[in-house]
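In what follows, every heavy atom counts, from backbone to side chain, and hydrogens, waters and symmetry copies are set aside. All residue numbers in this chain count up from 1 along the given sequence.
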Amino acid sequence: MHAGILIARLLVASLMVAVPGFAAACGQPILQAFVYSKYPEAKAVSAALAEAENQGDLQGDRWETRSGKSLHVWRAERIANTMDALDSHLNRTGPPMAAASATHILLLNDLAWLDITYDGKRIAVSKTQTFGPGKDGVIVFTTRRLVDNVLDGTITWRQAASEGLVASRCADACKDQPYGLLGPLASTPEPSTAY
């Protein structure tokens with residue numbers, strides 16, 4: 001890629017991240033196009049998630065103007081709630097496999113990155129302040145709403161993956177753990193349908 005084009009894209013991306021609410025307004029389609037060009041699997045996940053949303057397959061609330069909060073504030077609160085619930089769930093299910101690496105989640109509708117790390121004692125879920133993952137680890141593409149649905153038990157991680165609602169990008173070293181530190185979500189048993 002030509003250096004001038006890369007600098008222009010980075011300038012636009014940094015402006016959108018620096019100005020609250022800008023990405024949610026006119027800049028979001030530009031930033032999404034940038035994400036889709038860098039991570040083609042994100043586009044397929046977005047399309048599958050849009051279809052699931054249109055069919056009413058995903059539960060949970062949506063932002064509306066009458067909520068009394070700006071979209072920016074509403075999203076920040078919802079992401080914080082999801083992070084707390086995910087942190088609690090992952091630490092409750094036990095330590096990850098020894099080979100699990102740092103995991104980065106791109107929440108597609110919010111265009112926000114979450115980092116999941118393990119220090120040998122505890123899993124930590126945090127929001128990345130920069131746009132993009134660290135140099136190592138697994139990258140997972142999905143939405144906050146899908147993660148909330150998995151945590152609430154309305155859909156399993158395996159079902160979401162089979163329907164294309166979540167995807168990962170990892171090196172050959174993580175083939176046996178394609179979701180890195182989110183592995184406990186993938187190993188959650190299917191709900192029992194027997195009476």
Side-chain angles (χ1 to χ4, degrees), residues 1-54 57-58 60 62-63 70-83 86 101-117 125-150 155 157 160-172 174 178-182 185-186:
M1 177 181 294
H2 188 270
I5 294 171
L6 179 60
I7 291 170
R9 286 183 178 175
L10 291 174
L11 180 61
V12 169
S14 64
L15 175 65
M16 288 186 277
V17 172
V19 179
F22 184 78
C26 62
Q28 186 160 356
I30 296 169
L31 197 50
Q32 279 181 327
F34 177 72
V35 167
Y36 294 160
S37 70
K38 184 166 174 73
Y39 305 109
E41 53 271 79
K43 188 171 187 175
V45 170
S46 286
L49 284 160
E51 184 176 328
E53 296 241 355
N54 289 338
D57 294 343
L58 296 179
R62 292 183 178 208
W63 177 80
S70 72
L71 177 60
H72 184 72
V73 169
W74 184 86
R75 279 183 171 166
E77 287 177 0
R78 293 301 180 271
I79 291 171
N81 292 342
T82 298
M83 288 171 51
L86 186 58
S101 60
T103 304
H104 314 283
I105 305 174
L106 175 55
L107 301 176
L108 295 168
N109 291 347
D110 302 304
L111 293 176
W113 286 95
L114 301 183
D115 287 331
I116 303 174
T117 55
V125 179
S126 61
K127 189 170 179 200
T128 306
Q129 296 304 316
T130 58
F131 191 79
K135 294 180 182 177
D136 63 337
V138 178
I139 301 173
V140 175
F141 307 95
T142 194
T143 62
R144 173 198 53 79
R145 200 162 169 211
L146 185 276
V147 173
D148 289 346
N149 274 256
V150 169
I155 188 171
W157 190 261
S162 70
E163 294 177 11
L165 306 177
V166 62
S168 74
R169 175 186 278 194
C170 63
D172 291 338
C174 71
Y179 301 106
L181 293 170
L182 290 172
L185 291 180

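Separation of atoms CE (M83) and CZ (R144) is listed at 13.0 Å; rounding is to 0.5 Å. Here W113 contributes atom CH2 and H104 contributes atom NE2; the two are 8.0 Å apart, rounded to the nearest 0.5 Å. One distance of note links OG1 of T143 with CD of E53; it measures 6.5 Å at 0.5 Å rounding. Atom-to-atom distance recorded for K127:NZ and T82:OG1 is 11.5 Å, nearest 0.5 angstrom. N149 CG to L58 CG: the interatomic distance, rounded to the nearest 0.5 Å, is 5.0 Å.
When all heavy atoms of V45 and A167 are compared, the pair lying nearest together is CG2-CB, 3.5 Å. Between S37 and P40 the shortest heavy-atom distance is O-CD, 4.3 Å. In plain terms, the two heavy atoms of A48 and L165 that are nearest each other are O-CD2, 3.4 Å. The shortest non-hydrogen separation linking A102 to T117 is CB-CG2, 4.5 Å. Listed here is the closest heavy atom pair of A42 and V35: CB-CG1, 4.2 Å. The nearest pair of heavy atoms linking Q32 to L108 is NE2-O, 4.2 Å.
Checking side-chain atoms of T103 against main-chain N and O of L181 turns up a donor-acceptor pair under 3.5 Å. Looking only at distances, a side-chain donor or acceptor of S168 sits under 3.5 Å from a matching main-chain atom of P178.
The residue from I139, D115, L86 that alone fulfils the side chain to side chain contact (heavy atoms under 4.5 Å, CB included) condition with I105 is L86.
The side-chain heavy atoms of L182 and V147, taken from C-beta on, include no pair separated by under 4.5 Å. For the pair Y36/S46, a side-chain contact is recorded, criterion being any heavy-atom separation below 4.5 Å from C-beta on. Residues L185 and Y179 fail the side-chain proximity criterion, which asks for heavy atoms closer than 4.5 Å.
Remark: D57 engages A52, Q55 in a side-chain contact (heavy atoms from CB on, under 4.5 Å) (not counting sequence neighbours).
Heavy-atom contacts from other residues, nucleotides or ligands closer than 6.0 Å to CD of E51 number 12 or fewer.
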Inset, instruction - Could you check L146 against I155 for side-chain contact (heavy atoms from CB on, under 4.5 Å), going step by step and ending with a plain yes or no? - result: CA-CA 8 Å; L146 185 276; I155 188 171; 4.2 Å; yes
Legend entry - Stepwise side-chain contact (heavy atoms from CB on, under 4.5 Å) check, R145 with N109: CA-CA 9 Å; R145 200 162 169 211; N109 291 347; 6.0 Å; no
Please report the C-alpha distance between Y39 and R169 in whole Å, then the side-chain angles of each, then the deciding distance to 0.1 Å, and finally whether the side-chain contact (heavy atoms from CB on, under 4.5 Å) criterion is met.
-> CA-CA 9 Å; Y39 305 109; R169 175 186 278 194; 3.4 Å; yes
- Item | Test log, rule side-chain contact (heavy atoms from CB on, under 4.5 Å), inputs T128 and L114 | CA-CA 6 Å; T128 306; L114 301 183; 6.0 Å; no
